[in-house]
A.B. asks: 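Questions regarding the structure given below will be posed in turn.
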Amino acid sequence: MTTRFIFVTGGVVSSLGKGLAAAALGSLLQGHGYKVRLRKLDPYLNVDPGTMSPTQHGEVFVTDDGAETDLDLGHYERFTGVHARQSDNITTGRLYSNVIAKERRGDYLGATVQVIPHITDAIKEFVLADLTDEDFCICEIGGTVGDIEGLPFLEAIRQLGNDLGRERSLFIHLTLLPYIATAGELKTKPTQHSVKELLSVGIQPDILLCRADRPIPENERRKIGLFCNIAQDRVIAALDVDTIYRVPINYHEQGFDRAVLRFFNLECNEPDTSKWATIVKRVLEPEGEVTIAIAGKYVSLLDSYKSLHEALLHGGIANNVRVNLKWIDSETFEKEDVSSYLEGVHGILVPGGFGERGTEGKIKAAQYAREHNIPYFGICFGMQLAVIEAVRHLGGIPDATSSEFGPSEHAIIGLMTEWLKGDQLEKRRKDGDLGGTMRLGAYPCKILKGTKLHDIYGADEIQERHRHRYEVNLETYRDAFDKAGLVFAGLSPDGVLPEMVERKDHPWFIGVQFHPELRSKPFDPHPLFRSFIEAAKKQSCLV
Ligand code: GLN
């Protein structure tokens, strides 16, 4: 293996866009013809982000192989098209639980188990594992330099710099140059301090990416170079952009890819960034617009629906329209007259979610869409609640519900305790752990011929990513579903699990038990989002 490793750290403040920087660099390197992989090392103590509230940490991004990961992996996939794996995201929590399990087994042969070398070795092993012919592996270190939790990770990558040699390891540090209006200047001091902090753990950054809201004057770049011991052409401006999909183009203009390739003594030709130029144009100069209402519970933090937000934008790119999003808190919504929120929107979407709070609002949204012939897209929870709505109001079971909300006579959505994954039977207990125990990752789904969903996908069988515990109880309530006009157009290959539902009596009413937003790319919009926005566009001509 001759993979080169690029370590990306962040300083000064969080939220500077380290994940995007890593993703955009990955895409630029692909544009130069290289094969890349991207990884994220997260210093928090949760074993994975699966049990964290989306309003705290943003969405949980699920990989094909069923890992619940950090949302940055979504950026990586959307920018590079490389599907992430279990081996691309690790947390302090998982590292410690692995190391402690080994210690209990007696694998350390009597040694005192310590952060250095045992945790740092586990980090190094993780960074180097599961790579074959990749030219570059970009590893992002979560958090900000100076965080206590981050220290073992910095120590591990420092060691890796030595182990691999400088010809195979590069350290990139992302910082902020704040503009101080009274001085009329971009300030370099926080960057100098941040680099000092990195130096104190033995890492001299090779390239600095400096976030700034305006071009960095030559003099400031020189100063940063001088104080941070970095050649001036390796101090790269990371300027604010109008759309994130401009980042690769911008980085290239600022010489980022050139600096990286030169560092490794690789030739630097002109990379292909044309796809980003097309996407940027589509995003910024659309020919029309549609408004989609999203009734969800985690609307207070945009990042909690990150992939959904992007997938809707991709649907807009495919249809050449701007997609305006109207976020509606389903809890407030359930107490009020829904028409004041939903009148005039061109599509209604109910995303994934957990727990009973706010569900009546989501059910009202599905009902409004059904009764007013407005395109409806229900994702995971949004499908389950649309099914409940239809069965309550059309299927003759007024108290239809989900067992997620407590015991009830008519749980038409029930807890799954076993299901097939390939040839393996997966089993869960009612009182089992919450973390990592859902039906997770890509599962195949067969699509019924002659349905709208079959037309949309243009395929008999597809694979989509799941993250849920409950499932429509098709077996017991088949008659009620028929009566309610629900057509289960997609089923698991064994015919047991309903994966997709549609209505025949409606222009576009679709629910899916999986998360299609996780697979959408700006250069390859997901067929369901493409079709949903197309339906919304038609709707916009009607209203
Ligand atoms: N709470 C539902 C379940 O666990 C839906 C989950 C989701 O929307 N991701 O089945």
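The first residue of the sequence shown is numbered 1, and numbering continues consecutively from there. We count ligands from 1, going down the list as the structure has it; atoms in each ligand are counted the same way. If you're wondering where the values come from, they're calculated on a predicted model, not measured in any experiment.
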A.B. asks: Give the numbers and elements of all ligand 1 atoms closer than 4.0 Å to a heavy atom of Y470.
C.D. replies: 3 (C), 4 (O), 10 (O)
A.B. asks: Would a 4.5 Å heavy-atom cut-off, applied to side chains only, mark R37 and L131 as touching?
C.D. replies: yes
A.B. asks: V496 vs L474, test: side-chain contact (heavy atoms from CB on, under 4.5 Å). Steps then yes/no.
C.D. replies: CA-CA 8 Å; V496 176; L474 191 56; over 6 Å; no
A.B. asks: Is M438 near ligand 1, meaning one of its heavy atoms is under 4.0 Å from it?
C.D. replies: no
A.B. asks: When you measure from the centre of the six-membered ring of Y76, is the NZ or CZ of R78 closer than 6.0 Å and no more than 45° off the axis?
C.D. replies: no
A.B. asks: Heavy-atom distances under 4.0 Å decide this one: backbone, side chain, both or neither, for E471 against ligand 1?
C.D. replies: neither
A.B. asks: Heavy-atom pairs closer than 4.0 Å: do any link ligand 1 to the side chain of R469, the backbone, both, or neither?
C.D. replies: both
A.B. asks: At a 4.0 Å threshold, what atoms of ligand 1 neighbour a non-hydrogen atom of E404?
C.D. replies: 1 (N), 2 (C), 3 (C)
A.B. asks: Ring of F126, cation from R39 - is the NZ or CZ under 6.0 Å from the centre and inside 45° of the axis?
C.D. replies: yes
A.B. asks: When you look at CD of E371, are more than 12 heavy atoms from neighbouring residues, nucleotides or ligands closer to it than 6.0 Å?
C.D. replies: yes
A.B. asks: Could you tell me the residue and atom name of the protein heavy atom closest to atom 9 (N) of ligand 1, and the distance to it rounded to 0.1 Å?
C.D. replies: R467 O, 2.8 Å
A.B. asks: Looking only at protein heavy atoms, which one is nearest to atom 7 (C) of ligand 1, and what is the separation?
C.D. replies: C380 SG, 3.0 Å
A.B. asks: Quick check: does any side chain N or O of Q513 sit under 3.5 Å from a backbone N or O of M500, one acting as donor and the other as acceptor?
C.D. replies: no
A.B. asks: Decide if atom CD of E336 counts as having more than 12 heavy atoms of other residues, nucleotides or ligands within a radius under 6.0 Å.
C.D. replies: yes
A.B. asks: Is there any N or O on F381 that sits under 3.5 Å from an N or O of ligand 1?
C.D. replies: yes
A.B. asks: Going by the closest heavy atom to atom 6 (C) of ligand 1, which one wins out of G352, G353, G382?
C.D. replies: G353
